[in-house]
Amino acid sequence: MLRTALLSLRRHGQQSLGSSRNQLFSAQLNYTAMRAVSSAWKKDVHNTEAERWIKDMIKLCKPDDVHLVNGSEAENAHLLGELVASGTIQQLNPKLRPNSYLARSDPSDVARVEKQTYICSHHKDEAGPTNNWEDPSRMRAALEAKFDGSMRGRKMYVIPFSMGPLDSPIAKRGIQVTDSAYVVANMRVMTRVGEGALRLINERPDERFVECLHSVGAPLSPGQQDVAWPCNAEDKAIVHFPEDLAIWSYGSGYGGNALLGKKCFSLRIASAMARQQGWLAEHMLILGITNPQGEKRYVAAAFPSACGKTNLAMLQPTLPGWKVETVGDDIAWMRFNAKDGTLRAINPENGFFGVAPGTSPASNPHAMASLGANTLFTNVALTEQGDVWWEGLTERPPAGQLIDWRGQPWSAESATAPAAHPNSRFTVPIEQCPVVDDRWQDPEGVPISAILFGGRRASTVPLVSQARSWAHGVYLGASVASEQTAAAEGEVGSLRHDPFAMLPFCGYNMADYFAHWLAVGRNAPRPERLPKMFFVNWFRKDERGRFLWPGFGENSRVLKWIFERTAEPTAESALAREAPLGYLPTETALDLSGLQLDGEQLRVLTSVNVPGALQDLAEMQQYLQQFGDRVPEELLEQVSDIEQRLKQAQSQGKKLA
């Protein structure tokens with residue numbers, strides 16, 4: 001539908017409406033049909049630009065009423081009550097899961113819609129070949145037609161919010177308007193909403209806020225009965241205007257498309273902001289790891305979806321005396337600290353928006369402990385006892401008949417589809433995590449000692465390797481590839497490149513993104529304090545298709561090696577040997593005490609498959625060709641260096657190196 005509208009605009013040669021913040025609407029918009037709406041919000045909004053923008057959104061969307069979100073407990077209780085009354089959510093058994101709720105989405109609205117996600121930079125080459133692009137003037141014209149009257153019959157919620165602690169110099173602010181109370185309930189968990197954020201927006205008129213417009217795209221006619229999950233099944237668009245710091249999202253009520261503080265702001269828009277301002281906005285977890293002697297270091301790690309990111313963020317180590325604590329499980333904003341030159345990271349989010357299937361007491365006990373109360377579940381199954389269930393939570397489904405994510409009766413004996421959607425979610429406050437780090441809200445951020453990259457690879461990639469340099473680490477990040485997951489559209493199981501785990505989230509040309517990472521390293525105020533970079537792969541398999549590494553809590557053994565390597569110069573030592581892809585653990589470097597792992601398994605895990613790595617490298621060279629001459633020369637030098645090292649190993653007859 002959106003593409004049809006854009007083609008129509010091109011055919012008729014409609015002139016540009018402009019893409020600046022002050023040229024949002026054409027003179028043809030009919031404001032006279034607006035209903036009178038509450039103007040009570042005006043008394044609390046003192047930022048002139050914010051007041052103007054909210055007024056413009058009201059004129060465009062034509063809601064029946066407007067409510068300025070204050071973030072209070074009373075307001076939240078009222079909204080949850082309204083959502084229960086409308087059938088959008090239902091309360092779970094308060095004895096089993098206090099103050100928790102279950103929502104079921106429309107079957108057409110269950111995941112990010114990457115094909116309908118756009119980066120509308122002023123010039124196409126700024127968006128690059130991995131992003132969908134449209135001329136911003138044409139896109140605004142098409143969107144204005146859609147949003148015109150899109151909130152009729154509904155209430156507009158105005159949500160002032162902060163990404164990051166209110167007092168953090170790294171944090172940024174936004175205002176989202178939406179016609180979905182479900183979105184408000186989730187945003188309240190995932191961001192810092194309400195009076196505190198609005199106060200900062202009011203007090204800092206020169207600090208631009210990000211404009212976030214969202215509508216489910218389902219206006220109601222007078223007397224029309226609403227549905228439990230309003231959305232537009234046929235017409236969705238998630239559009240970003242990086243230069244204007246604006247996001248327009250239409251037609252979807254699903255989290256990744258509708259909670260605009262999440263991927264839309266904190267990655268796509270923030271990555272463009274970070275490039276201009278010299279910092280990093282990344283799809284990374286942040287954890288703190290403490291050794292038995294009480295020494296603590298912080299690690300950031302980037303993984304594509306379904307590669308164990310949340311499990312690692314809340315890891316329960318199997319090694320005695322070691323402790324892992326969580327700062328965040330999804331997003332990291334990093335910039336250099338002016339005082340000590342370290343790269344500091346904050347988690348801009350306030351909650352977890354995790355994938356439910358596969359989460360269990362065995363795989364992630366700390367996540368399960370976090371979900372005991374005050375949780376909003378979406379698209380999981382409901383038990384007869386009024387609790388939730390999903391595949392992987394227990395070995396067998398609970399007794400009795402379940403209600404699946406579509407609201408239909410489900411039993412394991414007759415089921416032809418999962419009870420919970422593969423991308424079903426939980427939304428829960430971070431503060432409920434039993435291993436939340438005591439510095440998770442540190443306004444200055446935590447100092448990062450190591451940066452990890454990883455993917456789901458069955459062969460070729462060793463268990464862990466260390467980059468020789470910052471530039472080599474940038475290559476490792478650029479080479480991330482993993483199997484397709486249910487978190488996005490596409491064929492599940494197919495391999496796709498996902499550089500830095502940012503392929504769906506980078507708000508500008510990916511080649512320029514590589515260059516930005518290289519520039520961050522070159523411009524470090526204290527180069528000796530740059531984090532060391534590593535690549536991990538928990539998913540290596542043997543010839544029979546069995547996992548070679550047990551994973552989960554045993555990954556603490558790899559973290560121990562990384563912890564120890566951050567204290568060493570980047571060179572060979574008793575802990576590391578040099579290999580074609582970087583430094584790998586020596587035979588005795590990994591602490592394998594109590595682990596049943598034979599010598600051949602260890603040899604494969606800590607070696608490079610030379611023929612496979614050469615094939616991967618050739619495929620990577622082909623992948624980079626799409627970016628043309630924008631690929632940084634420094635990155636191409638890393639490709640050449642790795643190729644020479646692999647060919648040298650091949651010439652020596654080595655299959656494993």
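Everything numeric in this text was worked out from a predicted model, so none of it was measured.
No cation-pi contact links K309 to F303, judged by a cut-off of 6.0 Å to the six-membered ring centre and 45° from its axis.
Residue R546 holds its CZ atom at 8.5 Å from CG of L548, rounded to the nearest 0.5 Å.
Of the possible donor and acceptor atoms, one in the side chain of T606 sits under 3.5 Å from a partner among the backbone N and O of L602. Using modelled atom types, one side-chain atom of N291 and one backbone atom of E295 make a donor-acceptor pair closer than 3.5 Å. Side chain of S100 to backbone of N374: a donor-acceptor contact under 3.5 angstrom is found. Of the possible donor and acceptor atoms, one in the side chain of T375 sits under 3.5 Å from a partner among the backbone N and O of A373. When atom types are taken as modelled, the side chain of T88 and the backbone of V84 share no donor-acceptor pair closer than 3.5 angstrom. Side-chain atoms of S414 do not come within 3.5 Å of backbone N or O of W410 as any donor-acceptor pair. Judged purely by atom type and a 3.5 angstrom limit, R97 has no side-chain atom pairing as donor or acceptor with the backbone of Q91. Looking at R406, its side chain never comes within 3.5 Å of a backbone N or O of H421 through a donor-acceptor pair. Checked by atom type and distance alone, the side chain of S479 pairs as donor or acceptor with a backbone atom of L476 at under 3.5 Å. No donor-acceptor pair under 3.5 Å is formed between the side chain of W333 and the backbone N or O of A281.
With T378 as the fixed residue, the side-chain hydrogen bond (donor to acceptor under 3.5 Å, both in side chains) test singles out one of Y101, Y182, Y254: Y182. Between V324 and the choices N555, I289, D437, the side-chain contact (heavy atoms from CB on, under 4.5 Å) rule is met once, by I289. Partner of D329 under the side-chain hydrogen bond (donor to acceptor under 3.5 Å, both in side chains) criterion, out of T310, N364, N347: T310 alone.
G164 and I346 make their closest contact through CA-CD1, 4.1 Å (heavy atoms, listed as atom of the first residue, atom of the second, distance). Scanning both residues, T117 and V113, for their nearest heavy atoms gives OG1-O, 2.7 Å. Across all their heavy atoms, L260 and N257 have their closest contact at CD2-O, 3.2 Å. Across all their heavy atoms, A301 and L312 have their closest contact at CB-CD2, 4.4 Å. Scanning all heavy atoms of the two residues, the minimum distance from S252 to D109 falls at OG-OD1, 2.5 Å. In this structure, Y583 and A467 approach most closely via the heavy-atom pair CD1-O, 4.3 Å.
Taking W440 as the reference, nothing meets the ring pair (Phe, Tyr, Trp, His ring centres under 6.0 Å) condition, with sequence neighbours excluded. Considering only residues two or more places apart in sequence or on other chains, Y157 meets the ring pair (Phe, Tyr, Trp, His ring centres under 6.0 Å) condition with none of them. With sequence neighbours excluded, the residues forming a ring pair (Phe, Tyr, Trp, His ring centres under 6.0 Å) with F453 are F500, listed by chain and number.
Between E587 and R603, none of the side-chain N atoms (NZ, or NE/NH1/NH2) sits under 4.0 Å from a carboxylate O, so this pair counts as no salt bridge. Salt-bridge check for R457 with D616: passed, with a basic side-chain N closer than 4.0 Å to an acidic carboxylate O. Here R188 pairs with E73 in a salt bridge; the nearest charged N to carboxylate O distance falls below 4.0 Å.
Taking the six-membered ring wherever Trp is involved, the centroid distance between the rings of W549 and F539 does not fall below 6.0 Å. Within the 6.0 Å centre-distance limit, the rings of W322 and F563 are counted as a close aromatic pair.
For the pair V184/S180, no side-chain contact is recorded, criterion being any heavy-atom separation below 4.5 Å from C-beta on.
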